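As the structure is a prediction and not an experimental result, all values here were calculated from the model.
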Amino acid sequence: MPKHEHDEKSPKLTVPQIIEYCKKDLGLTFNLMDEETAAEFLRTHNYFFRLKQYAEVCQDQTRKRKYVGLDFGHLVELSTIDMFLRKLLLKMTIDLEHYLKVKIVNECQENDADDGYGVVAAFLQKHPKVKNSIEDSSKLAGYNGFNIRKYVDTPAVWNFIEMIGFFDFIKFYSYYYDYFHLQCKYTRHFDAVRRLRNAAAHNVCLLYNFNPVQNFSYDMDTSFELLGAKLGIGNETIASCMKVPLLNDFAVMLSVYTQLVTSEKVRQKTLEEMKSFFDGRMIYRKQYFEGFPSVKNAYNFARAVLEWYSSKVEVKAAD
């Protein structure tokens, strides 16, 4: 039986061997970061399997499978920017989760048709695996400020949302509004927020690809909003960027964030922190990427979208 390329096992390499592999097999240069510093980086800060993912952002490989114009320093800089970006995105999506919980609890409290228990029971009957996961977690010592076992048999909206993870929560959130035939304009955007939150929470590399994905289901509502927003970016560029999963999810998250986070101070402080990062550390070594149009286009789009949604918050605050 013939062996396929994906069946081949990659050999284990020491750090010096990785440096040689980068030079001879991948065509990476060490001008922005010398070999000694690169070796120290691999020993103390990151590992090459992860670092190599950022190579696809900067340069396509030639037929000889070598990169052209790509330096080890490019990979290190992208990995550093990615780390800071993940931290900020995780903070924002956790804020969103909190305010979504506040919103649904208030919806329950004001809803005369809801006793707080029936909708949860119906949801768990439809999704028995969620009930099983709660029962399993109740056996473990955790950091919850309440005894899960006390509520696991007959959970109500206000304690149920403290027992489940974000994926199950947004599933329940959507179910709640459908169950009571209530309108909610946010639920169709939750997949984008969930993807971004999970990627940030699980420490996934975000800045690995800025190429449009043709079959990607981008958020049409957000896309139309941005096309009419006068971002100073061409419509073709906006349409293309919204087919990049990270850029689409970033734009959707900002749209939802600015609408659902009800604390003016939290919104403004967090958005200012994100803008400070975009205008500071993110472009600290912008000269590295002058020759990489996809990186520059992604930055320009994301920065314009951030400014647009931040300005909408500032207008609300002034009103």
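Between K66 and D25, none of the side-chain N atoms (NZ, or NE/NH1/NH2) sits under 4.0 Å from a carboxylate O, so this pair counts as no salt bridge. Between R303 and D279 there is a salt bridge, with a side-chain nitrogen of the basic residue lying less than 4.0 Å from a carboxylate oxygen of the acidic one. Ion pairing of E97 with K101 is present here, as a side-chain N (NZ or NE/NH1/NH2) and a carboxylate O approach within less than 4.0 Å. Here E272 pairs with K275 in a salt bridge; the nearest charged N to carboxylate O distance falls below 4.0 Å. By the 4.0 Å N-to-carboxylate-O rule, D95 lies too far from K91 to be salt-bridged with it. A salt bridge does not link K269 with E273: none of the charged nitrogens is closer than 4.0 Å to a carboxylate oxygen.
Once rounded to the nearest 0.5 Å, the distance linking CD of E264 with CD of Q268 reads 4.5 Å. Atom NZ of K103 sits about 14.5 Å away from atom OH of Y99, to the nearest 0.5 Å. To the nearest 0.5 Å, atom CZ of residue F277 and atom CD1 of residue I283 are 10.5 Å apart. In this structure, M242 CE and M220 CE are separated by 10.5 Å, a value rounded to the nearest 0.5 Å. Between I134 atom CD1 and D153 atom CG the span is 11.0 Å, to the nearest 0.5 Å. Taking CZ from F250 and CZ from F301, the interatomic distance works out to 9.0 Å, rounded to the nearest 0.5 Å.
The shortest distance between side-chain heavy atoms of Y208 and D82 does not fall below 4.5 Å. Using a 4.5 Å heavy-atom threshold, the side chains of Q17 and T14 count as touching. When side chains are defined from C-beta on, S310 counts as touching L306, because their heavy atoms get closer than 4.5 Å.
Ring-plane geometry between F72 and F48 is classed as parallel, the angle between the planes falling under 30 degrees on a 0 to 90 degree scale with a further cut at 60.
Remark: aromatic rings of Y186 and F190 are distant, center separation not under 6.0 Å. Aromatic pair H74/F292: centroids less than 6.0 angstrom apart. Centroid-to-centroid, the aromatic rings of Y151 and W158 stay 6.0 Å apart or farther.
The minimum heavy-atom distance linking V57 with V295 is given by the pair CG1-CG2, 3.3 Å. Looking at every heavy atom in both residues, D168 comes nearest to S133 through OD2-OG, 4.4 Å. Taking all atoms of both residues into account, the shortest heavy-atom contact from L246 to L207 is CD2-CD2, 3.7 Å. Residue R267 comes nearest to T258 through the heavy atom pair CD-O, 3.9 Å, listed as atom of the first residue, atom of the second, then distance. Shortest non-hydrogen contact noted between I238 and I233 is CD1-O, 3.7 Å. Considering all non-hydrogen atoms of both residues, V244 and N209 come closest at CG1-O, 3.8 Å.
No side-chain donor-acceptor contact under 3.5 Å links Y257 and T93. D114 and Y176 form a side-chain donor-acceptor contact under 3.5 Å, judged by distance and modelled atom types alone. Judged by distance alone, the side chains of N297 and S294 never bring a donor and an acceptor atom under 3.5 Å apart. No donor-acceptor contact under 3.5 angstrom links the side chains of E77 and Y54, judged on distance only. One side chain, E56 or Y67, offers a donor N or O that lies under 3.5 Å from an acceptor on the other.
Put simply, the side chain of D219 never gets that close to the backbone of V252: no donor and acceptor are under 3.5 Å apart. For the pair D178 (side chain) and H181 (backbone), a donor-acceptor distance under 3.5 Å is absent. No donor-acceptor pair closer than 3.5 Å links the side chain of E107 to the backbone N or O of I104. Side-chain atoms of T270 come within 3.5 Å of backbone atoms of V266 as a donor-acceptor pair (strictly under, hydrogens ignored).
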Problem set entry | Trace of the side-chain hydrogen bond (donor to acceptor under 3.5 Å, both in side chains) decision for Y309 with Q259 | CA-CA 10 Å; Y309 284 113; Q259 295 179 72; over 6 Å; no
Exercise. Passes side chain to side chain contact (heavy atoms under 4.5 Å, CB included), D71 versus L28? Steps please.
Worked result: CA-CA 5 Å; D71 194 273; L28 267 65; over 6 Å; no
For this session: Run the numbers on V102 and N106 for side chain to side chain contact (heavy atoms under 4.5 Å, CB included), then give the verdict.
Result: CA-CA 6 Å; V102 171; N106 276 278; 3.5 Å; yes
For this session: Report the C-alpha separation of H98 and L260 in whole Å, then their side-chain angles, then the decisive distance to 0.1 Å, and conclude whether the side chain to side chain contact (heavy atoms under 4.5 Å, CB included) test is met.
Result: CA-CA 10 Å; H98 171 72; L260 280 177; over 6 Å; no
For this session: List the steps, then state whether side-chain hydrogen bond (donor to acceptor under 3.5 Å, both in side chains) holds for E40 with T37.
Result: CA-CA 5 Å; E40 182 64 17; T37 306; over 6 Å; no
For this session: Could you please spell out the steps behind the side chain to side chain contact (heavy atoms under 4.5 Å, CB included) verdict for L75 and L70?
Result: CA-CA 8 Å; L75 308 184; L70 188 61; 4.3 Å; yes
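Within 6.0 Å of atom CD in E236, 12 or fewer heavy atoms from other residues, nucleotides or ligands are found, so the atom counts as exposed in its surroundings. Annotation for Y284: atom OH does not count as buried by contact number, only 12 or fewer foreign heavy atoms lying within 6.0 Å. For F224, the CZ atom sits in a loose shell: 12 or fewer heavy atoms of surrounding residues, nucleotides or ligands are nearer than 6.0 Å.
Of the options F169, F172, Y117, a ring-ring contact (aromatic ring centres under 6.0 Å, His included) to F123 is made by F172 and by none of the others. Partner Y299 forms a ring-ring contact (aromatic ring centres under 6.0 Å, His included) with one of F289, Y288, F278 and no other, that one being F278. The side chain to side chain donor-acceptor pair (under 3.5 Å) with D249 is formed by just one residue from the set R197, R195, H189; it is R195.
The hydrophobic cluster containing Y47, built from Ile/Leu/Val/Met/Phe/Trp/Tyr side-chain heavy atoms closer than 4.5 Å, also comprises F49.
Under a cutoff of 6.0 Å and an axis angle of 45°, R194 and F166 do not form a cation-pi pair.
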